[in-house]
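Just so it is clear, the values below take in all heavy atoms, side chains as well, and ignore hydrogens, waters and symmetry mates.
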Amino acid sequence: MNRSYVTYLSPHELEVQYERLTLKDDFIFGKVMQEPSNCVEMLQRLTGNVIGNNISINNQKAIKVAVDGKAVRYDVYVEDEVTGLYDAEMQQNDNRAVLPKRSRFYQGLMDLNNLEIGDEYSELLDSYVIFICTFDPFDKGLCCYKFENICKGVGDLEDIYLGDGRKILIYNTKGIVRNIDKNTENFLKYIETGEICDDYTEGLERSVSKARCNKEWRVEYMKTFCHDADVRREGKEIGRRETLVEMVCPKLRKGKSAEVISTELDIDINIINHLCNIASSFAPNYDEDKILDKYLAEYFD
């Protein structure tokens, strides 16, 4: 069947929403950091590195190594031949549970993308995965959580750094323990409150205002929002149908009728009848995977 996008917002509401976006939004973040001066200064503040002039900025860069492998789309991806590879992500959704392994996956893909056949391991550039979170992912109050691979010392032995060049920096805009310098603090404060604290954040505010006025970006945002909403809707529908198959099939194996199943599950008889008709082709074993495939096929037809 032909399905229209489900946006949950009217076009006018999307227009209003776009005009209110700040640097916290990953879409605006990616657009603003297309400007080299904005991007370079951000990375210098967040890493302490001096970023070179010969850099490549690929915002919303997608990387997929294997044909059937999982791909990622980086908010801001920068290659600097001198100091390393950088991925900067704006993170508003509190998904702290997946941040550690997400950062591991992102860093692994950066390495695979960077090292070509015949290259030596020594040619791997240092890599930085940076999350700018509008929540505290570890509830310790730090403005910045820095991670490197180290061997913890025992007794009188000091910690030993592995020296593999991988660094993960997770910033917390709501931090109260100021383990960062003033420039970085100003940047995080601007993200959190919109307060202009120095020349750099003043320039960022101008860039954000300019982005809000860009008609092409406005249309792109609306299309992206609609697409993401549609994906979420489809994901919920897939989950609903999968759950229904898992509940109905065991009852069919016991020989229960559609009427009995409908009563026991408190689900509309028309829905149960339809699923039972699909499942009848797979009696008496009622292979759930095959039934689900057929059930979903009509949805995506």
Side-chain angles (χ1 to χ4, degrees), residues 22-63 72-92 99 102-111 113-114 123-134 137 142-149 163-173 175 178-192 194 196-208 210-211:
T22 67
L23 202 63
K24 286 182 180 181
D25 184 87
D26 58 357
F27 182 86
I28 291 293
F29 177 66
K31 296 303 185 185
V32 166
M33 292 305 165
Q34 286 182 5
E35 176 60 42
S37 60
N38 290 338
C39 188
V40 167
E41 180 63 21
M42 174 190 69
L43 293 179
Q44 292 186 154
R45 292 189 180 206
L46 296 181
T47 67
N49 294 344
V50 178
I51 308 299
N53 295 321
N54 186 23
I55 65 171
S56 172
I57 301 174
N58 297 283
N59 297 355
Q60 297 298 320
K61 179 181 178 67
I63 292 181
V72 299
R73 184 178 63 186
Y74 298 117
D75 286 351
V76 177
Y77 183 83
V78 175
E79 297 180 359
D80 178 10
E81 295 178 357
V82 178
T83 60
L85 308 173
Y86 301 86
D87 163 41
E89 303 287 326
M90 185 62 67
Q91 191 65 44
Q92 287 199 79
L99 277 181
R102 182 179 164 199
S103 62
R104 167 184 163 183
F105 185 70
Y106 281 18
Q107 213 149 29
L109 282 185
M110 291 166 72
D111 286 343
N113 186 64
N114 177 237
E123 297 179 64
L124 271 177
L125 297 172
D126 287 357
S127 61
Y128 297 78
V129 171
I130 305 166
F131 286 101
I132 305 169
C133 300
T134 58
L142 296 181
C143 289
C144 179
Y145 299 91
K146 300 181 180 181
F147 299 92
E148 295 183 51
N149 284 334
D164 59 355
R166 293 184 293 171
K167 299 176 179 64
I168 298 171
L169 306 174
I170 302 180
Y171 283 90
N172 166 28
T173 63
R178 306 295 179 185
N179 59 333
I180 53 177
D181 61 26
K182 184 63 177 176
N183 286 335
T184 307
E185 181 181 343
N186 287 345
F187 176 61
L188 296 183
K189 183 183 292 186
Y190 172 73
I191 293 173
E192 178 65 22
I196 296 173
C197 306
D198 53 23
D199 290 343
Y200 176 57
T201 53
E202 183 177 3
L204 288 178
E205 179 67 15
R206 287 194 298 269
S207 295
V208 170
K210 184 178 179 181

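- For Asp181, the CG atom is densely surrounded, since the number of other residues' heavy atoms within 6.0 Å is greater than 12.
- For Arg178, the CZ atom sits in a packed shell: over 12 heavy atoms of surrounding residues, nucleotides or ligands are nearer than 6.0 Å.
- Looking at Gln91 and Arg102, their side chains come closer than 4.5 Å, going by heavy atoms from C-beta outward.
- With sequence neighbours left out, Glu205 forms a salt bridge (Lys or Arg N to Asp or Glu O under 4.0 Å) with no residue at all.
- Here the CG-CG distance, from Leu188 to Asn183, works out to 11.0 Å after rounding to the nearest 0.5 Å.
- Side-chain atoms of Cys39 and Val78, non-hydrogen and from C-beta on, do get closer than 4.5 Å to each other.
- You'll find the side chain of Tyr77 reaches within 4.5 Å of the side chain of Met110, heavy atoms only.
- Using a 4.5 Å cut-off on side-chain heavy atoms (C-beta onward), Tyr200 and Met42 make contact.
- Interatomic distance, Leu85 CG to Leu125 CG, rounded to the nearest 0.5 Å: 5.0 Å.
- The salt bridge (Lys or Arg N to Asp or Glu O under 4.0 Å) search around Glu81 returns none, not counting sequence neighbours.
- The backbone N or O of Thr134 sits nowhere less than 3.5 Å from a side-chain atom of Gln92 that would complete a donor-acceptor pair.
- Within the 3.5 Å criterion, the main-chain N or O of Tyr106 finds a donor-acceptor partner in the side chain of Tyr74.
- Under the 4.5 Å side-chain criterion, counting only non-hydrogen atoms from C-beta, Tyr145 is not in contact with Leu99.
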